[in-house]
Amino acid sequence: MPVSANWVPMRWPAGPLDAGRPEEKAPLSARAKEALEAWRNPAALEFLRGSPINCLMVNWAAGGPRDSAQQQALAPLIRSARSAGLEVVGMAEPAADLSAARAAAQAAGLSDVLPCLDREKIDWRSPSPVLLVRDNVWPGIQRRARDQAVAAATGGPWIDSNDWFLQLARARSRSANCWLLAAPPAGAIVRTEAYLRALADIHQAGGNWVISLDDSLRAGLARRDAAALETFRAIGAARTFFQKHAHWNSLSPVGVVGVISDFAGDNEFLSTEILNLLARRNIPFRIILKEHASAAPLDTFKALIFMDEQPAPPALRTRLLAFASGGGLLMTGQKWDRAGSEPSSYEYPRFEIRRAGKGRIAIAAGDSPDPYEVAGDCRILLSRVHDIVRYFNISAMTTVYTLSGGRALLQIVNYSQRVPGDLVTVWFRELYRSARLWTPGSEKSEPLVMSPENGGVEVRLPGISTYCAVELDRG
Amino acid sequence: MPNPITRRDILRRTGAAALALARPAVSRAASAPTAPVAVTRCRTYSPAELVPALQETFDRIGGLGRMVKGKTVAIKLNFNGGPTVRLGHHTLGDSHWPHPNLVCAAMQLMTNAGARRIRLLECAGRDPNEPFEEHFLAANWNPADFARCGPRVEFENTNFMGRPKKFVRFPVPGGGLLYPAYDLNHSYADCDVFVTIAKYKDHPTTGVTLVMKNLFGMTPTLVYGERAREHEKQGSVPGSRMEMMHYGQGEPAYGAPGELDPASPRDDGYRLPRIIADLCAARPVHLSIVDGIKTMAGAQTPDPWCTLVNPGVLMAGTNVVTTAAVAVAAMNYDPRATRGAVPFAECDNKLLLAEQIGVGTCDLSRIEVIGPSVRQVMFDFRDLREKRRAELKRLFPKRHKYGAFRNEA
């Protein structure tokens, strides 16, 4: 049975492959061994009863001699899972023979085998309804050492998030559903909130987190430890919340900044890092694939970033020049042909600013622009005059702002581990008439206080523990 | 009517300060200049109430015309903390920045009184390429509203050198308490009239923050930020002034003079009040405006223990110390309290220090208050402080010296 995008998957480490590679020196901790052994026992499936999880993801093929031992070890578990109505999907490492793995899976009663993909090797034209991506970040505030956060572009803490990648994935393949593998850092103490944050980070941007638990929680669940069961219940409730609001994934990103690239090859690092750093600055952006850019409507953009190494194809160049001449800001790489633009007196350190009709073209001064600076310079060169949204008290939060017709949705994830003391205010340029708050676990939304401010509206949010969504309506 | 503040006045004041330092403290205090302080009730920032109240306040100290007509006015705003940090849901103007309506009203009245040019000044942000107006926008203020308040309105981020590409040195009359001189953005020099506008609030390091403390924000982080000299070599921009100004670590960059006595205490309760007094002497203030309509008690920038309050009062004066003294008294604090007493529990009193170097008196008996009396407009920050202290003591029985507990005697 082919994998369905609607399944709710969970990583189920239980075999020899999950014990780590033989060449890995660090031995498994006692807790990890306990968890592995306990989860191999079909009785462990009991705690899934009543949870939304309906799909176990098991390591199936790594392309090595231990594959058959893994598959044999999992056989009883797979039989029990299937008889309990659960789907079981195998994961195949890139080195594995996928056809052989699938054949073995069919014989063992698995629903399917999915290849684990690295972000840069994804075939976006793949007909598969699900793409299983493995090199993701565990969402949270990046730390150097205990209690030492890494500073981000704006002086706040640096946040590791998968949001920009998922926005790119949706731009590259509207039909594909990205299942993201993201496991808690080994040895870390993982609180319930961290799981909820991981879930929200991935689901707010339209992904599907393959729920992955740390050794301690897995061991606790096997023992039916009350605290572990409570954490698992909270994860399940939050996952159900996102399942109920899956229609939010059909909304389109909002933003006046567009990023144009093929996001591949020599352009991949710079273009994807620009996305990451725009997201970290909470600058809403939209992605335009280069192959579609010459036909894409550009009239709702105020700035376009096109920093690909290669010169723009003629049709795209004509469109970009027309965009700038019409009053937009175009930020490009050093190789941009200056024809059609004139020098300006505006001095800027990292870009040569040229006039083009009513607008400007900012041409990178160096041949290897720093994406950190490109994102910051975009904000400065464009000016906050064009902001469509402004946030207050969100230093450790990420946002995803999407729209469909007169209805919009703002999702916020709080990565701070502190008790939420800061109340968030959001200003929207759009004059929304109503704003309602959703939080995981809530059956219905609550109205939010709004007030007219600076030509738009300000919406007042309560303290956000890990995640909230605000539904906005112009009607 | 001639401008009452002339270069001669400044020289005379400089001389007076030098003389004052040579005399015992009591006589210096007795000879420190005084000036009346106007006090006006004003409950809201509604222009219908605010503009007449502010006009009345200015009229009570002799009107703006004699001060600003034909002049360039520089207004040091009081944008402390980032533009996106709020006290709960309250707008910045309601809690810890001067309210935009008040700033605009003051600018409009100055324009009506004949001001030729108004410059809005603040050390804001670390990117020299970012126009200061962006800081307003980030706060959800519209810079165009300010630009409309005068025939020529300019915005300058004074963290940087600006057009002259160099800082201007401001020697402290009498030699200085901590530094002999401060290097500041040219706009603090290129003005005829210098205005400080600030809310009144508590302050964890210096007890209270007001029109005097606002001047601390003139010091550019390029010169006085952490590891400023390393940043100068690298061509980068330092962040906070904490390291150097609060704790005396490191030396100023871009050729600015170092401190007078590197062996002096590294305690910010000693250092900051002296820097503030120095700055008040080095860059004389012509007009101080206190926004006491709405503000917050508990700190300078929003913290969970801060309380939004509505004292409903405006004040203005031509002497920064006398104006601060009246405002401190209206907070139910003693403007002459010495170190160890509320609100200066763990710091020296910057008002007394400024008085001692001849900037102005903080002796209420020597200050004429025009309008309602201090008692009539008093808002009890002391009482809130005591309640806050009791609550913090309950929550954190083991008292420590930082954050909320500083100066909570």
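Below, chain A is the first sequence line, B the second, and so on; all start at residue 1.
- Taking the ring centre of Phe216(B) as origin, the terminal cationic atom of Arg241(B) falls inside the region bounded by 6.0 Å and 45° from the ring axis.
- Using a 4.5 Å cut-off between heavy atoms, Ala139(B) contacts chain A through its backbone alone, with no side-chain atom that close.
- Interface summary for chain B: among Thr425(A), Val385(A), Asp387(A), Asn393(A), the most heavy-atom pairs under 4.5 angstrom belong to Asn393(A).
- Remark: aromatic rings of Phe146(B) and Trp141(B) are close, center separation under 6.0 Å.
- For chain B, no part of Glu347(A) is nearby; none of its heavy atoms comes within less than 4.5 Å.
- Partner Met107(B) forms a side chain to side chain contact (heavy atoms under 4.5 Å, CB included) with one of Ile197(B), Asp145(B), Ile118(B) and no other, that one being Ile118(B).
- Checked by atom type, the side-chain pair Ser161(A)/Asp201(A) shows a donor-acceptor distance below 3.5 Å.
- Here the side chains of Lys201(B) and Asn80(B) are in contact, with some heavy-atom distance below 4.5 Å.
- Among the residues in residues 122-137 of chain B, those with a non-hydrogen atom closer than 4.5 angstrom to a non-hydrogen atom of chain A are Asp127(B), Asn129(B), Glu130(B), Pro131(B), Glu134(B), Leu137(B).
- With a 4.5 Å cut-off on non-hydrogen atoms, Arg460(A) touches chain B through its backbone and its side chain both.
- Using a cutoff of 4.0 Å between basic side-chain nitrogens and carboxylate oxygens, Arg354(A) and Glu352(A) are scored as salt-bridged.
- Taking CG from Leu461(A) and CE from Met397(A), the interatomic distance works out to 9.0 Å, rounded to the nearest 0.5 Å.
- No donor-acceptor contact under 3.5 angstrom links the side chains of Asp94(B) and His90(B), judged on distance only.
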